[in-house]
Amino acid sequence: MSGLFKVIIAVLAGALALSPLTPALALEPVDDFGPNPGALEAFLHRPANAAPGMPMVVALRGCTQSARDFDAETGLVALADETPFLLLLPQQRAENMGRLCFRWHDTDDNQAGRGESASILQMIDAVIAAEDVDPDRVYVMGLSAGGGMAAVMLANYPDRFAGGAIIAGPPYGCNRSVNAFDWYWTMLHHSPFALDGADAAYACGLFTSPATDRNPAEWAEFVLDAAQLIPDEWPPVSLWMGANDDVVDPDNLRELTEQWTAVHGIDLIADEEHSVGDATRRVYFDAEGMPKVEAWDVGTLGHAVPVDPDSDTFPCGEVGEHMTDVNLCAVELITEFWNLK
């Protein structure tokens, strides 16, 4: 190799190392994002064609998963590179929760300005500033406990998100006591004998039955009470549930739909309903005719993110423990609903 060629290679390598828009070969840890009351970790995927003013998707994985289990496997990395958008992946620590679940059920973590909710918002703000993200195009999605935490973020900071998605997750506030007959859930929630959120799991219809049935106005009140600031326009929300889910009762899709249509002030009569393969999609419009809530009932799906590795548009995900090939690319359909793509 000539001396000149070596110099050229060295200069190019140095330029790439210094460039803030260098594509990530792997997830990059976000080591110092400021106050971190929830003691969480954060990772970032930067697409190859990153540019100033781009959008960002915050993706929250389920229990027992890591951020690296939720990037390429869902199809999010390929979609981030194609769209493009920055991908932020918060991560739980075992010291906080043995099964690595986000603490969506804990009032110390699911209220605005507290615990994990505050940590995730701090990550978002730090990345917006460091990467020149468009603050009006930040979106949040999650699976299972991550879906519960996505609901937390949408409820706590609705003015900060342009869209959200809850996949196989519970409604916000589902373990909250509202009358004398279910006071014991709150008592159990604070019990020293409660183990890794098991009390909240049973209260919210995980493993056994759907969440405690509330009427839509009660569901909406939980969200309205939690909001740090009531926005002029609530973010659109995409809801996904598998009919064969044996972890989160599939009837929670109804409760989620009741919650978010009531938050948007729209009725429970779907304005559109159609089949996509084995799934049924119902869409709910506001008074101006804009789609605000969509609910996907996926017939053959268990407790997983729908993926489509053989998709014609891009390789959408990989089959795994919580990723199931049902010829539907959930992450792509969600971003289309958000008008992100």
Side-chain angles (χ1 to χ4, degrees), residues 57 59-63 65 69-70 72-79 82 141-148 150-151 163-171 204-211 236-261 268-285 291-341:
V57 172
L60 299 157
R61 81 293 179 282
C63 300
Q65 292 182 304
D69 294 331
F70 206 66
E73 288 84 348
T74 54
L76 277 168
V77 165
L79 187 60
E82 181 193 79
M141 66 167 62
L143 165 68
S144 190
I166 301 165
I167 305 170
C204 293
L206 281 65
F207 312 119
T208 52
S209 60
V237 181
S238 180
L239 308 170
W240 292 71
M241 195 74 69
N244 293 333
D245 196 324
D246 59 357
V247 176
V248 176
D249 190 288
D251 285 343
N252 278 297
L253 182 61
R254 180 188 68 245
E255 309 301 329
L256 281 162
T257 304
E258 289 180 359
Q259 182 167 64
W260 291 101
T261 52
L268 273 167
I269 301 172
D271 296 283
E272 284 185 6
E273 180 174 334
H274 56 274
S275 297
V276 182
D278 194 42
T280 299
R281 178 182 183 246
R282 298 178 179 89
V283 190
Y284 304 82
F285 294 81
K292 292 298 183 180
V293 178
E294 66 168 1
W296 286 83
D297 184 353
V298 187
T300 57
L301 186 68
H303 191 65
V305 176
V307 298
D308 186 7
D310 299 320
S311 170
D312 292 335
T313 54
F314 71 97
C316 176
E318 304 169 8
V319 174
E321 184 179 1
H322 296 295
M323 314 295 159
T324 301
D325 183 0
V326 291
N327 296 316
L328 280 176
C329 182
V331 295
E332 182 178 33
L333 292 165
I334 289 167
T335 55
E336 288 176 355
F337 178 69
W338 292 338
N339 290 320
L340 176 57
K341 279 188 62 98

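Hydrogens, waters and symmetry mates are skipped; everything else that's a heavy atom, side chains included, is used. Computed from a predicted structure; not experimentally measured. Counting begins at 1 with the first residue of the sequence.
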Hits for side-chain hydrogen bond (donor to acceptor under 3.5 Å, both in side chains) against T257, two or more places apart or cross-chain, chain-then-number order -> none

So the disulfide (SG to SG under 2.5 Å) pairs with at least one residue in residues 305-337 (sequence neighbours excluded) are C316-C329

A165 meets the side-chain contact (heavy atoms from CB on, under 4.5 Å) criterion, sequence neighbours left out, with M141, S238, I334, W338

Taken in chain and number order and not counting sequence neighbours, the residues that satisfy salt bridge (Lys or Arg N to Asp or Glu O under 4.0 Å) with E82 are K341

Across all chains, not counting sequence neighbours, the side-chain contact (heavy atoms from CB on, under 4.5 Å) partners of A279 are W296, V298, L328

**Heavy-atom neighbours of E321 CD exceed 12 at 6.0 Å** = no

Sorted by chain and residue number, the side-chain hydrogen bond (donor to acceptor under 3.5 Å, both in side chains) partners of D245 (sequence neighbours excluded) come out as H303

Do the non-hydrogen side-chain atoms of E272 and E294 ever get within less than 4.5 Å of each other? no

Those residues at least two apart in sequence (or on a different chain) that pass side-chain contact (heavy atoms from CB on, under 4.5 Å) with P291 are V283, F285, F337

- prompt: Can you find a heavy atom in the side chain of V248 that is under 4.5 Å from one in the side chain of P170?
  reply: no

Review point. Side chains of L333 and V276: closer than 4.5 Å at any heavy-atom pair?
Key: no

Taken in chain and number order and not counting sequence neighbours, the residues that satisfy salt bridge (Lys or Arg N to Asp or Glu O under 4.0 Å) with E258 are none

side-chain hydrogen bond (donor to acceptor under 3.5 Å, both in side chains) filter on W260, not counting sequence neighbours, yields none

Residues at least two apart in sequence or cross-chain that pass side-chain hydrogen bond (donor to acceptor under 3.5 Å, both in side chains) with T280, listed by chain then number, are none

Applying salt bridge (Lys or Arg N to Asp or Glu O under 4.0 Å) to E273 and not counting sequence neighbours gives R282

Sorted by chain and residue number, the side-chain contact (heavy atoms from CB on, under 4.5 Å) partners of N327 (sequence neighbours excluded) come out as D308, D325

